[in-house]
2 protein chains.
Amino acid sequence: MTTAIRSNNRLDVLLDSSAELFSERGYQAATMRDIAKKCGMLPGSIYYHYPNKEALLVGVYEEGVRQLSERVQREIARATDPWERLELMLAAHIEMIVEPTAYASVIIRILPDDVPSAREELVRLRDKYEVYLRDLVGALPLPKDVDRRLLRLFLIGSVNHIPVWHRPGGESPKQIARQLTRVFRRPLQVKPRESK
Amino acid sequence: MTTAIRSNNRLDVLLDSSAELFSERGYQAATMRDIAKKCGMLPGSIYYHYPNKEALLVGVYEEGVRQLSERVQREIARATDPWERLELMLAAHIEMIVEPTAYASVIIRILPDDVPSAREELVRLRDKYEVYLRDLVGALPLPKDVDRRLLRLFLIGSVNHIPVWHRPGGESPKQIARQLTRVFRRPLQVKPRESK
DNA sequence: CAGATAGAAAAACATATGTTTGTTTAATTC
DNA sequence: GAATTAAACAAACATATGTTTTTCTATCTG
C-alpha cells in the first residue's frame, strides 16, 4: 500500500498563506475562511491537511522554528568570537522577523498563552529555538555578578519588539543588531580592549 | 436639567472587570459575556456605559495611562540624577505591569494593531505615556554616537516583555530595574566614576 | 485503460459573539 | 409623594466562525 503525494498538492501554499495571516493578524483574528481564500481553497478543504485550526498553527510554528534554526546555525558558524557570534545571530533573527511574510514572525507574534489548548506544544517549540540564544549568552565572557538569564530575557524582549516599531525604510537588521550588541558589549566585557 | 450619577453606579466595577479580562486574555478572547459575568451584569447592560466593545477598551486604556503617568511622575520626582530617575521609572513601570489585575497590563498586552478600528486612538494614548521615557532617555549623558531612539525602543521591548516571563515568586521589579539599568549604564556613561 | 484515491468542492451545522430592542426597577429630584 | 430617569434586565437578532459531511474530479498506479 502506498500513500503517494500528488504533484498538485497545495499543502505548501496552505502553510504559506497561514503563516502570512497568522503573522499579520494574530491567531484569533486570522479566520479559516481568510486563510482558505488566500490560498484559493474552500474552508473545509483545509481540514484534509490539518484536523483543526490549532494544529494548523502548530504546523506553521514548526516550520518557523526549522527555518530560524537553520539560518541562525548557518550564520553563527561564520565567527568564533562570542560577541561576534551573538551579533550575527541577532542580525539573522531580526532579518527574519521583520519580514512579515515569514514563518518566523508567527513565532514572535503569537505567544503560547494566546492558544491555551496548544500552550505546551508551542512552548516546547519556542524553547527548542531559544536554546541558541541561551548558549550564545552563556559563552560570553562576563563579570560574575551579571545575571545571564536576565540578560537573555532583556535581549529577547528588545529583539522581539522590533517588528512592532520597525518600518521597511528604516534601519537595516544589521545596523540594529550592531547597535544592540554595542549597548550591551562595552560594559559587560571583562577586559575592554577598545576605547573611544 | 441634571445628569446625575447614581450612588449605586457600577461603572467602576465594569472597568475593573474589563481591565482584568483584557489583560488576561487579550482583546478578542475577552468576550462581552465574560466581562458581564465578571462584574455581575448582563451583556446588554454594558452598552448603557459604552457604545461598543472598542470604546470599552479605550476607556480601560485611558485609565491605564492615567494611572501609569501619575505613578511614574511621582516616582521620578524623588531623584535628580538622570540614571537614577530612569531606574526609578522603570521600577515603577515594571511593578505596575506585572500586576495582572492592573489597567497598566492592558496597555502592554493589547497593541494598537490588535484593534484596527481604534488604532489611532490607542497610539495617541500610548504616546502620551511614552513621552516620559523619551524625556528620561533624552536627559541621559551619552556619547554622541549613541542612537537614543534605538536605545529607548530596546528599553521598551525589554521592559514590556517582562510580564511574559515573570512569575510571582521571582525577582522583584526593583531588582529587575536595577539589573536593566546596570547593563545599560556602565558603558554608556561618558565618564564612568566607578569600576569593579 | 480501469480502478483507486489524494485532494479539494459544496453546502450545511452548531455554536459563539457583538449588539439591539423593549421593559423593569430603584435612586433622585422637585 | 409623584415624576423623572439612571441603570440594569430579559430576550432575541444577525452574523461570524470552527468544523463536519457528502460529493466530485484529477492524478496516480497496476
Side-chain angles (χ1 to χ4, degrees), chain A residues 1-22 24-61 106 110 114-119 121-122, chain B residues 1-22 24-61 106 110 114-119 121-122:
Chain A
M1 113 172 275
T2 56
T3 32
I5 292 171
R6 244 158 58 181
S7 58
N8 61 343
N9 189 317
R10 288 196 281 159
L11 174 58
D12 53 343
V13 186
L14 169 59
L15 268 181
D16 285 354
S17 306
S18 305
E20 202 167 332
L21 280 173
F22 280 142
E24 274 177 15
R25 311 188 186 174
Y27 181 71
Q28 298 244 17
T31 73
M32 296 299 266
R33 280 170 178 78
D34 290 339
I35 294 171
K37 179 176 282 182
K38 169 147 260 172
C39 66
M41 285 183 186
L42 291 190
S45 306
I46 298 176
Y47 290 81
Y48 177 79
H49 299 278
Y50 292 93
N52 49 51
K53 188 182 181 184
E54 174 194 316
L56 179 57
L57 175 69
V58 171
V60 172
Y61 236 77
V106 176
I110 297 177
D114 293 348
V115 194
S117 52
R119 214 190 87 85
E121 183 76 4
L122 300 184
Chain B
M1 112 170 278
T2 57
T3 32
I5 292 171
R6 238 155 65 177
S7 57
N8 60 343
N9 190 315
R10 289 196 283 158
L11 174 58
D12 54 344
V13 186
L14 169 60
L15 269 180
D16 285 353
S17 305
S18 304
E20 205 168 328
L21 280 173
F22 281 142
E24 274 176 15
R25 312 189 186 173
Y27 180 71
Q28 298 243 19
T31 72
M32 296 299 266
R33 281 170 177 76
D34 290 340
I35 294 171
K37 180 177 281 184
K38 170 147 259 170
C39 66
M41 285 182 186
L42 291 189
S45 306
I46 298 175
Y47 290 80
Y48 176 78
H49 299 279
Y50 291 94
N52 49 49
K53 188 182 181 183
E54 173 194 317
L56 179 57
L57 174 70
V58 172
V60 172
Y61 236 76
V106 177
I110 298 176
D114 293 347
V115 193
S117 52
R119 214 190 86 87
E121 182 76 4
L122 300 185

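Just so it is clear: chains get the letters A, B, ... in the order the sequence lines come, proteins before strands, and each one is counted from 1. Remember, it's a predicted structure, so these values are computed and weren't measured experimentally.
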Original post:
dA10(D) C1' sits how many Å from Ile46(B) CD1, rounded?
Top reply: 15 Å

Subject >> Any Ser45(B) side-chain N or O less than 4.0 Å from OP1/OP2 of dC9(D) >> reply: yes

Subject >> Distance-minimising heavy-atom pair for Cys39(B) and Arg10(B) >> reply: O-NH1, 3.3 Å

Original post:
Whole-Å distance between dG7(C) C1' and Tyr50(A) OH?
Top reply: 14 Å

Subject >> Any His49(A) side-chain nitrogen or oxygen under 4.0 Å from OP1 or OP2 of dA6(C) >> reply: no

Original post:
Within the pair Asn52(B) and dG18(C), is there a side-chain N or O less than 4.0 Å away from OP1 or OP2?
Top reply: no

**OP:** Send over the distance from Met41(A) CE to dA6(C) P, rounded to a whole Å.
**Re:** 15 Å

Original post:
Starting at the 5' end of DNA chain D, which residue's closest nucleotide do you reach first, Glu54(A) or Gly44(B)?
Top reply: Gly44(B)

Original post:
Does OP1 or OP2 of dA8(D) have a side-chain N or O of Arg10(B) closer than 4.0 Å?
Top reply: yes

Original post:
Which nucleotide in the list dT19(C), dG18(D), dC9(D) gets nearest to the side chain of Arg33(A)?
Top reply: dG18(D)

Original post:
Heavy atoms, side chains only, cut-off 4.5 Å: are Ile35(B) and Leu56(B) in contact?
Top reply: yes

**OP:** Round to the nearest Å and state the distance from Lys37(B) atom NZ to dA8(D) atom C1'.
**Re:** 18 Å

Original post:
Given atom CG of Leu42(B) and atom P of dG18(C), what is their separation to the nearest angstrom?
Top reply: 15 Å

Original post:
Below 4.5 Å, heavy atoms only, C-beta onward: do Val58(B) and Val115(B) meet side chain to side chain?
Top reply: no

**OP:** If a pair satisfies ring-ring contact (aromatic ring centres under 6.0 Å, His included) and one of its residues is in residues 40-59 of chain B, list it, with sequence neighbours excluded.
**Re:** none

Original post:
What is the distance, rounded to the nearest whole Å, between atom NZ of Lys53(B) and atom P of dT20(C)?
Top reply: 15 Å

Subject >> Gap separating the OH atom of Tyr27(A) from the CD atom of Gln28(B), nearest 0.5 angstrom >> reply: 12.5 Å

**OP:** Using whole Å, report how far OH of Tyr47(A) lies from C1' of dA12(C).
**Re:** 14 Å

**OP:** Would you mind telling me which residue lines up with the more 5' stretch of DNA chain C, Thr31(B) or Gly40(A), judged by nearest nucleotide?
**Re:** Gly40(A)

**OP:** Give a yes/no answer on whether the side chain of Tyr48(A) brings an N or O atom under 4.0 Å of OP1 or OP2 in dA8(C).
**Re:** no

Subject >> Atom pair distance, as rounded to whole Å: CG in Asn9(B) and P in dT28(C) >> reply: 10 Å

**OP:** Can you figure out which of dT19(C), dT19(D), dA8(D) approaches the side chain of Met32(A) most closely?
**Re:** dT19(D)

Set out, line by line, the N/O atom pairs under 3.5 Å between protein and nucleotides 22-25 of chain D.
none

**OP:** State, yes or no, whether a side-chain contact exists between Leu21(A) and Glu24(A) at a heavy-atom distance under 4.5 Å.
**Re:** yes

